[in-house]
Amino acid sequence: MPEREKHLLHSAPTAAISKNIPLSEVNRHCIPADCWVAIDDKVYDLTEFIDRHPGGPTTVLNAAGKDATKMFHDIHKGVK
């Protein structure tokens, strides 16, 4: 990754927007302009992060509107 882009990783979402949002609501946020995922029973709005994700926007969009816990932990081993 180019040095000029490394700082973008530090602006990744780190705080969940809620722990009490039902998955049925998360399911409604599944497009690039409105992208939420659930990980470990917490909901994250990744809309602003999609284009900065090191794996590319497709990786995030594959999880959009879903419980992405397994996918996240399969890829990001050791991240809590």
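Here the structure is a predicted model, which means the values were calculated and not measured. Counting begins at 1 with the first residue of the sequence.
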Contacts under 3.5 angstrom, residues 26-38 side chains, donor-acceptor by atom type, not counting sequence neighbours:
residue	atom	partner	partner atom	Å
Asn27	ND2	Leu23	O	3.4
Asn27	ND2	Gly65	O	2.5
Arg28	NH1	Glu25	OE1	2.9
His29	ND1	Asp34	OD1	2.8
His29	ND1	Asp34	OD2	2.6
His29	NE2	Glu25	OE2	2.8

- When rounded to the nearest 0.5 angstrom, what distance separates CG in Asp45 from CD1 in Ile21?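 One finds 9.0 Å between CG of Asp45 and CD1 of Ile21.
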- Message: Between Asp40 and Lys42 (side chain of the first, backbone of the second, donor and acceptor by atom type, cut-off under 3.5 Å), is there such a pair?
- Response: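 The answer is no, because no donor-acceptor pair under 3.5 Å joins these two groups.
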- Query: Any chain of hydrophobic side-chain contacts (each under 4.5 Å) joining Met71 to Ile50?
  - Reply: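 Not linked; separate clusters.
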